[in-house]
**Student:** 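I have a structure I would like to understand better, so I am pasting it below and will then ask my questions one at a time.
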Amino acid sequence: MAIHRRHLTAAAVGLSLASMLPGFAQAQKKIVLGFSQVGAESEWRTANTESIKLAAADAGIELKFSDAQQKQENQIKAIRSFIAQKVDVIAFSPVVESGWDNVLREAKAAKIPVVLTDRSVNSKDTSLYVTFMGSDFVEEGRKAGRWLVDKMKDQKGDVNIVELQGTVGSAPAIDRKKGFEEIIKADSKFKVIRSQTGDFTRAKGKEVMEAFLKADGKKINVLFAHNDDMAIGAIQAIEEAGMKPAKDITIISIDGVKGAFEAMMAGKLNVSVECSPLLGPQLMSAVKDIQAGKTPPKRILTKEGIFPMETAAAEFPKRKY
Ligand code: AHR
């Protein structure tokens, strides 16, 4: 009866149910997530964007999505706009590692939690973000290196390697190079004779591989591409140069996208190290936890495998991206 009287009183003075019961208001309000994506440079990135959009819709989270077209300045603008719009959480996949401190401080001052997905930043102040979810890129480089060392264990003489790096200054380009070098340096027969960026795209991968072939041609034994798209572009360049990909030149790449499995099944790519883009569900559950006042782990690691061409046909039907 007392409760009933209180409701009547509230109604009489124009108070809503939501203002009387803050928990009720919270349940009604959709969480708003601002997400700044790197771009659409690769098959991997397209799958990542789809995963995020789908997971947000499934989780009932309102997603403000912005494509930075591989430019840091666009990501900074997008983050500032999310701050101005007072979104609940900001997430982004930083195109490069450095140069984020100012904008992240602005988000912190506005009390908007930030989640890093896929790629990290090299800020010393780790309080500028709540969590970083994604792959261990150094380990991906190591896996590529270990596969090569094993494949070439009986090879006498130099193994000449050309490397197609990802976007300059990006975490996956820096870390994959580091991990790969860490493993191959154990045997001096492995020599990286050329290393250049292909910006994670097929077109640049092809263009740079053409230049490598022009300079070194048959001297090249191995191509290590930091992603599948660049490897697929390079395969085209190798074929156009009259050579057989995966036979004349051993090809190792990273991601494990469907295009790579097709290339492996066609006998044109030797191995792809997995890097999963399906981060959407993990991101939405972290966003919900943060909104509920819980602190997710500082590092959420993605579990990944490695797929040599011999396994491609059996694995292909199971691939989700
Ligand atoms: O950050 C992940 C990398 O970015 C993927 O390996 C690549 O394909 C993408 O463009």
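Whatever order the structure lists them in is the order used to number ligands and atoms, beginning at 1. Just so it is clear, the structure is predicted and the values come from calculations on it, not from any experiment.
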**Student:** So which of Val273, Asp175, Asp255, Asn227 gets nearest to atom 5 (C) of ligand 1, if we judge by its closest heavy atom?
**Tutor:**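 Going through Val273, Asp175, Asp255, Asn227 one by one, Asp255 has the nearest heavy atom to atom 5 (C) of ligand 1.
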**Student:** Of the listed options (Arg119, His226, Glu140), which comes nearest to atom 3 (C) of ligand 1 when hydrogens are ignored and any heavy atom counts?
**Tutor:**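 Going through Arg119, His226, Glu140 one by one, Arg119 has the nearest heavy atom to atom 3 (C) of ligand 1.
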**Student:** Between Arg319 and Glu274 (salt bridge meaning N to carboxylate O under 4.0 Å), is one present in this structure?
**Tutor:** yes
**Student:** May I ask you to say whether Asp118 pairs ionically with Arg45, meaning some side-chain N is under 4.0 Å from a carboxylate O?
**Tutor:** yes
**Student:** May I ask you to say whether Glu140 pairs ionically with Arg176, meaning some side-chain N is under 4.0 Å from a carboxylate O?
**Tutor:**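 A salt bridge links Glu140 with Arg176.
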**Student:** Run the numbers for me: atoms of ligand 1, each under 4.0 Å from some heavy atom of Ser42, listed by number.
**Tutor:**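 Listed by number with element: 7 (C), 8 (O), 9 (C), 10 (O).
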**Student:** Against heavy atoms of Pro172, which atoms of ligand 1 measure under 4.0 Å?
**Tutor:** 1 (O)
**Student:** Could you pull out, from Glu41, Met230, Gln70, the option with a heavy atom nearest to atom 9 (C) of ligand 1?
**Tutor:**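 Shortest heavy-atom distance from atom 9 (C) of ligand 1: Glu41.
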**Student:** May I ask you to decide whether Lys268 forms a salt bridge with Glu239, counting only side-chain N to carboxylate O separations under 4.0 Å?
**Tutor:** yes
**Student:** Which of the atoms in ligand 1, numbered in the order shown and given with their element, are less than 4.0 Å from a heavy-atom of Asp118?
**Tutor:**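 Close to Asp118: 1 (O), 2 (C).
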**Student:** Is the Trp100-Phe92 ring centre distance short of 6.0 angstrom?
**Tutor:**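 Yes, ring centres under 6.0 Å apart.
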